[in-house]
Amino acid sequence: MITFPKPDVEQFLRTFSIADFAVSPDEKHLVFSTNLSGKYNLWGMDLPNSFPYPLTSIDQSCQGLIYDKKSRFIIAGFDQDGNENTQFYGVPLNGGTMKEIVNHENTRNFMPKLSNDSKKLYYTTSRGNPSFLNSFCLDLESGQERLVLEGKDAATYLFGFSPDEETLLYYKHFANTYTLLYAKKGNEDILLTPPTEKQHTVNDGVFVSDSMIYLLTDYDSDFTYLASYNLETNKFCKVKELENESFTAITYNKENQLLYITSQKGVEDQLYEINLQNENWRNIPVPCSVINKLEVAASGTLYLFGMSATKPHNIYKNTGDEWVSLTKYTVPGVDSNELVEPDIITYPSFDGREIESLFFRAKKENDNGEVIFWPHGGPQAAERKFFRASFQFFLNNGYSIFAPNFRGSTGYGLEFMKMVEGDWGNGPRLDNVAGLDWLIDQGHAQKGNILLMGGSFGGYMALLLHGRHADYFKAVVDIFGPSNLFSFINSVPEDWKPVMDQWVGNPEKDKEKLIEFSPITYLESMIKPMLVIQGANDPRVVKEESDQIVQALKDKGRDVDYMLLENEGHGFSKKENEIAVYQKILSFLKRFTAVTEKV
């Protein structure tokens, strides 16, 4: 009998990912963006077969993926090494030479939509209006385009249109907690939620006829619910609300007159079907904890892209009785029993508010007694039952991980989400400190012996916690985190800048607060060893955010290591970079690991 050694821990990082997918209208073809070759490209499958083949060799992430309505070609958006300046291309169904459709240097393009006859492409762009955006209709045959929507007052995105294409659906993004949905017919702009001074959001919307729209909103509520708006009567109506759940996306099947709605409840998602003929409502079990995308074919067949804490991204097809996995992504060479499911715990914060958290505990045979404290990014996002190859990598190396959903996180209502706005460095910080105290009080960690790591806002929080509460930690990892809120506010993409006053603060009116909340204010207290990771092309948290904190700490003689990735943006799109980053982090953490890894 042959016996095999334990899988190398690097195999956890060899897990492939899926970023997006689409199904052709005739359901004979499926396309998905995946890093199966080590870098993101488009791959296709000829359904019902599930053997993939490459369609592109561009080695870039995809943003925006749709089929032509007659299943003849694909429209796909690609940026360049994470710079988020997405341009649109036509891609043949079986791959080959792509055709430029929309390509303007140094512009950001969003949300491509094809007309019903696939002769026109609608899209939103920063071209000519970088702060508030414009939307165009491009004639794919003549190459001529016309302005259909001019953004004013807030970043404005074309969202969809009525079946007769006479009415446009668009939303204005004033803040992550303040988005309004409008219908535009001719010169008339119709607000689809009743006028109010109270900020609220509309997450999604869909036409079911030329005059009836269903939308997801938290108007006059803390959680997002299903509502309708009749353009003939101008009547808004609440249709369905579930306690402590926020509806996140809506899809319509015209053939069967069914709405499909995904919802977020804490760290997991649900899927619902509502029959518009008889108003029956049912929950549909799904094969994953987090639903990334749902597509409904004209036939009524459901296609879902999702993941769980111990199941990587996969695409599933619903056959009526069960979900069939069209992709077979697993952790290569690793048995599922080697993977760790998180415990869902709550702890009281400084003001008595309950904070929900995920606690991944390393298996006993691997446990080295160390705990990584992970404040998530966003901040108006949440740590959920995602599959993170990096988490399973660290867990298999013996490190437990504690990930709290501090105030500002999504999934806990609008009021909770708004609590981070203008308060980046106070309430959320104290929620994290309360989480640290819970770990210590419960005997899971000792003060001064905790490892701190976060990315994006989590990187910012790691820097701030290091500067203000260094006595809890022995080492800190910052992954593209803002270090100076003044320079951060000034350097974000232009279409982000209108929301910064509410989201972070105004550099003049809130000067003292922004000084208090900026990690760079606390250089003297940052005395623990640090590792800083940064993508050179990051448009959200630019390279200078990491440059300045690293240089300032080095000038003080601190122990700080800096890893700069020249061909990455706000994340790791290339597998070799991802592996190098987490191997670097592991090597750094092992300098402070009390117990030698068991053989």
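If you read the sequence from its start, that first residue is 1, and numbering goes on from there.
- Under the 4.0 Å criterion applied to side-chain N and carboxylate O atoms, Asp20 and Lys293 are assigned as salt-bridge partners.
- With 3.5 Å as the limit, one finds no donor-acceptor pair spanning the side chains of Ser409 and Gln380.
- Leu452 contributes atom CG, which lies 8.5 Å from atom CG of Leu463 (distance to the nearest 0.5 angstrom).
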Derivation and outcome, ring pair (Phe, Tyr, Trp, His ring centres under 6.0 Å), residues Tyr122 and Phe161: CA-CA 10 Å; Tyr122 294 84; Phe161 38 76; 4.9 Å; yes

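- Looking at Lys418 and Glu415, no side-chain N of the basic residue comes within less than 4.0 Å of a carboxylate O on the acidic one, giving no salt bridge.
- Using modelled atom types, no side-chain atom of Gln264 and backbone atom of Glu245 make a donor-acceptor pair closer than 3.5 Å.
- Side-chain atoms of Asp222 come within 3.5 Å of backbone N or O of Leu414 as a donor-acceptor pair.
- Asp210 and Ser162 make their closest contact through OD1-CB, 3.9 Å (heavy atoms, listed as atom of the first residue, atom of the second, distance).
- In this structure, a donor-acceptor pair under 3.5 Å is absent between the side chains of Glu545 and Asn484.
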Worked check of side chain to side chain donor-acceptor pair (under 3.5 Å) between Thr34 and Tyr329: CA-CA 11 Å; Thr34 180; Tyr329 285 180; 2.7 Å; yes

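- Residues His570 and Ser456 bring a donor and an acceptor atom of their side chains to less than 3.5 Å of each other.
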Tyr219 vs Phe236, ring pair (Phe, Tyr, Trp, His ring centres under 6.0 Å): CA-CA, chis, key distance, verdict: CA-CA 11 Å; Tyr219 167 79; Phe236 172 89; 5.5 Å; yes

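- No side-chain heavy atom of Leu216 sits under 4.5 Å from any side-chain heavy atom of Tyr225.
- The pair Glu268-Lys265 does not meet the salt-bridge criterion, since no charged nitrogen lies less than 4.0 angstrom from a carboxylate oxygen.
- For the pair Ile274/Leu258, no side-chain contact is recorded, criterion being any heavy-atom separation below 4.5 Å from C-beta on.
- Atom OG of Ser126 sits about 7.0 Å away from atom CG of Asn85, to the nearest 0.5 Å.
- In this structure, the side chains of Pro519 and Tyr460 come closer than 4.5 Å at one or more pairs of heavy atoms.
- Note that the OG atom of Ser289 and the CE atom of Met307 stand 10.0 Å from one another [nearest 0.5 Å].
- How far CZ of Phe360 is from CG of Asp343: 9.5 Å, rounded to the nearest 0.5 Å.
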Step-by-step side chain to side chain donor-acceptor pair (under 3.5 Å) determination, Thr346 to Glu356: CA-CA 4 Å; Thr346 59; Glu356 187 171 64; over 6 Å; no

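- Using bins of under 30°, 30° to 60° and over 60° for the plane-to-plane angle, the ring pair Tyr170/Tyr182 lands in the parallel bin.
- Only one option out of Trp424, Trp496, Phe517 pairs with Phe488 in a ring pair (Phe, Tyr, Trp, His ring centres under 6.0 Å); it is Trp424.
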Steps toward side chain to side chain contact (heavy atoms under 4.5 Å, CB included) verdict (Leu304, Ile315): CA-CA 6 Å; Leu304 182 151; Ile315 300 168; over 6 Å; no

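- A donor-acceptor pair is defined here as one N or O able to donate and one able to accept, closer than 3.5 Å; no such pair exists between the side chain of Tyr303 and the backbone of Leu30.
- With a 6.0 Å cutoff to the six-membered ring centre and a 45° limit on the axis angle, Arg353 does not count as a cation-pi contact of Tyr347.
- Contact of the Leu149 side chain with the Lys184 side chain is registered, since non-hydrogen atoms from C-beta on lie closer than 4.5 Å.
- A donor-acceptor pair under 3.5 Å is formed between the side chain of Thr125 and the backbone N or O of Arg127.
- Taking the centre and axis of the six-membered ring of Tyr229, the NZ or CZ atom of Lys235 falls outside the cone set by 45° and 6.0 Å.
- Listed for the Glu241 side chain is no donor-acceptor partner under 3.5 Å among the backbone atoms of Ser221.
- Inspection of the Gln199 and Gln502 side chains reveals an N or O donor paired with an N or O acceptor under 3.5 Å.
- Looking at Lys497, its side chain does come within 3.5 Å of a backbone N or O of Asn490 through a donor-acceptor pair.
- Side-chain contact between Pro342 and Lys385: present, with at least one pair of heavy atoms (C-beta onward) separated by less than 4.5 Å.
- Of the charged side-chain nitrogens involved, at least one lies within less than 4.0 Å of a carboxylate oxygen, so that Arg384 and Asp269 count as a salt-bridged pair.
- With hydrogens and angles left out, the side-chain atoms of Gln87 and Asn109 include a donor and acceptor closer than 3.5 Å.
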Intermediate values then yes/no, side chain to side chain donor-acceptor pair (under 3.5 Å), Asp218 and Thr201: CA-CA 6 Å; Asp218 51 25; Thr201 67; 2.9 Å; yes

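- The side-chain heavy atoms of Thr179 and Phe174, taken from C-beta on, include no pair separated by under 4.5 Å.
- Separation of atoms OG (Ser211) and CG (Leu231) is listed at 6.5 Å; rounding is to 0.5 Å.
- Surrounding NZ of Lys238 are more than 12 heavy atoms belonging to other residues, nucleotides or ligands, all under 6.0 Å away.
- A ring pair (Phe, Tyr, Trp, His ring centres under 6.0 Å) with Trp438 is found for one member of Phe373, Phe350, Phe402 and no other, namely Phe402.
- Atom CD of Glu255 has 12 or fewer heavy atoms from other residues, nucleotides or ligands within 6.0 Å.
- Glu494 and Arg108 are not joined by a salt bridge, as no carboxylate oxygen comes within less than 4.0 angstrom of a charged side-chain nitrogen.
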Side chain to side chain donor-acceptor pair (under 3.5 Å) between Thr310 and Glu341, intermediate numbers included: CA-CA 6 Å; Thr310 56; Glu341 280 281 347; 3.0 Å; yes

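- Remark: of the listed residues Leu169, Val206, Val208, Leu169 is the sole one forming a side-chain contact (heavy atoms from CB on, under 4.5 Å) with Ile213.
- Between Trp323 and Tyr316, the ring-plane angle classifies as perpendicular under the 30° and 60° cut-offs.
- Summarising the local packing, CD of Glu354 is surrounded by more than 12 heavy atoms from other residues, nucleotides or ligands at distances under 6.0 Å.
- Glu273 contributes no side-chain N or O that, together with a main-chain N or O of Leu259, makes up a donor-acceptor pair within less than 3.5 Å.
- Counting only heavy atoms from C-beta outward, the side chains of Val102 and Phe136 never approach each other to under 4.5 Å.
- With hydrogens and angles disregarded, a donor-acceptor distance shorter than 3.5 Å links the side chain of Asn506 to the backbone of Lys509.
- Of the possible donor and acceptor atoms, one in the side chain of Thr248 sits under 3.5 Å from a partner among the backbone N and O of Thr262.
- Salt bridge status for Arg388 with Glu383: present, with a side-chain N to carboxylate O gap under 4.0 Å.
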Worked check of ring pair (Phe, Tyr, Trp, His ring centres under 6.0 Å) between Phe457 and Phe406: CA-CA 12 Å; Phe457 180 87; Phe406 45 83; 5.8 Å; yes

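- Side-chain atoms of Asn129 never come within 3.5 Å of backbone atoms of Asn134 as a donor-acceptor pair (strictly under, hydrogens ignored).
- Put simply, NZ on Lys240 and CZ on Phe247 are 7.5 Å apart, with the number rounded to the nearest 0.5 Å.
- Counting heavy atoms from C-beta outward, Tyr123 and Phe110 have side chains that stay 4.5 Å or more apart.
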